[in-house]
Amino acid sequence: QVHLVESGGRWVHTGGSLVLSCAASGRAASDYAMGWFRRAPGKDREFVAGVNRSGVSAFYAAYAEGRFAVSKDNAKNTLYLRVNNLKPEDTAVYYCATGCFPDTEWSCDYWGQGTQVTVSS
């Protein structure tokens with residue numbers, strides 16, 4: 001079955017950067033559009049960024065444009081999310097997902113357990 005494991009979440013100072021990884025396993029686990037989502041304290045889960053099946057095209061939420069970069073390493077079956085100039089508002093549990101449908105507001109079939117990112121001054 002499809003299995004996703006996020007890693008890389010940590011505490012970071014405001015203005016810092018980090019890279020999150022999502023290792024995909026299982027039959028065709030990374031052969032679909034994949035995305036990153038986050039859930040901040042007291043808020044609903046929201047879309048952050050994603051890639052199409054080939055990993056060539058990237059998509060970003062409006063707030064993520066510029067500071068976030070999503071990429072997919074097909075050989076390693078891994079999705080990455082690089083975040084620069086982190087802000088306290090970025091504090092959230094970040095989730096990756098696959099089996100996503102970009103044309104349906106990024107609904108996805110499979111989800112990882114999430115990785116915590118904490119940003120403070």
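- Heavy-atom minimum distance, R82 versus V19: CG-CG2, 3.9 Å.
- For F47 and F37, the gap between ring centers is short of 6.0 Å.
- Judged by distance alone, with hydrogens and angles left aside, the side-chain atoms of T115 form a donor-acceptor pair with the main-chain N or O of G9 at under 3.5 Å.
- Looking at heavy atoms from C-beta onward, D109 lies in side-chain contact with F101 at the 4.5 angstrom threshold.
- Residues N84 and S17 approach most closely at OD1-OG, 3.1 Å, considering heavy atoms.
- Hydrophobic clustering (ILVMFWY, side-chain heavy atoms < 4.5 Å, transitive): Y80 and V51 are in distinct clusters.
- In terms of heavy-atom proximity, L86 sits nearest to V12 at CD1-CG1, 3.3 Å.
- With a 4.5 Å cut-off on side-chain heavy atoms, F68 and D90 count as touching.
- With E6 contributing its side chain and G114 its backbone, the two residues share a donor-acceptor pair below 3.5 Å.
- You'll find the side chain of L4 reaches within 4.5 Å of the side chain of M34, heavy atoms only.
- In this structure, OG1 in T91 is found 8.0 Å from CD in E89, a value given to the nearest 0.5 Å.
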Next on the checklist: Assess the residue pair R38 and Y94 against the criterion (side chain to side chain donor-acceptor pair (under 3.5 Å)); give the C-alpha distance rounded to whole Å, side-chain angles, the decisive distance to 0.1 Å, and a yes or no.
Outcome noted: CA-CA 4 Å; R38 70 183 188 182; Y94 285 72; 3.0 Å; yes

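- A 4.5 Å side-chain heavy-atom check between V5 and H3 finds at least one atom pair inside the cut-off.
- Here the shortest heavy-atom pairing between K87 and T14 reads CA-CG2, 4.4 Å.
- Within the 4.5 Å cutoff, side-chain heavy atoms of W36 are placed close to those of V70.
- Residues L81 and Y110 share a single hydrophobic cluster, defined by chaining ILVMFWY side chains whose heavy atoms lie under 4.5 Å apart.
- No side-chain donor-acceptor contact under 3.5 Å links S21 and T78.
- Within a 6.0 Å sphere centred on CZ of R67, heavy atoms belonging to other residues, nucleotides or ligands number more than 12.
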Checklist entry - Do Y32 and C100 pass the side chain to side chain contact (heavy atoms under 4.5 Å, CB included) test, and can you show the C-alpha distance, the side-chain angles, and the key distance before you say yes or no? => result CA-CA 7 Å; Y32 302 93; C100 301; over 6 Å; no

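- Close placement of the F59 and W106 rings is indicated, their centers lying within 6.0 Å of each other.
- The two residues L79 and S71 have their closest heavy-atom pair at CD1-O, 3.3 Å.
- In this structure the side chain of N52 never reaches within 4.5 angstrom of the side chain of P102, judged on heavy atoms.
- The two residues Y95 and Q113 come nearest to each other via the heavy atoms CE2-O, 3.3 Å.
- Contact annotation: the side chain of V117 approaches that of L20 to within less than 4.5 Å [non-hydrogen atoms, C-beta and beyond].
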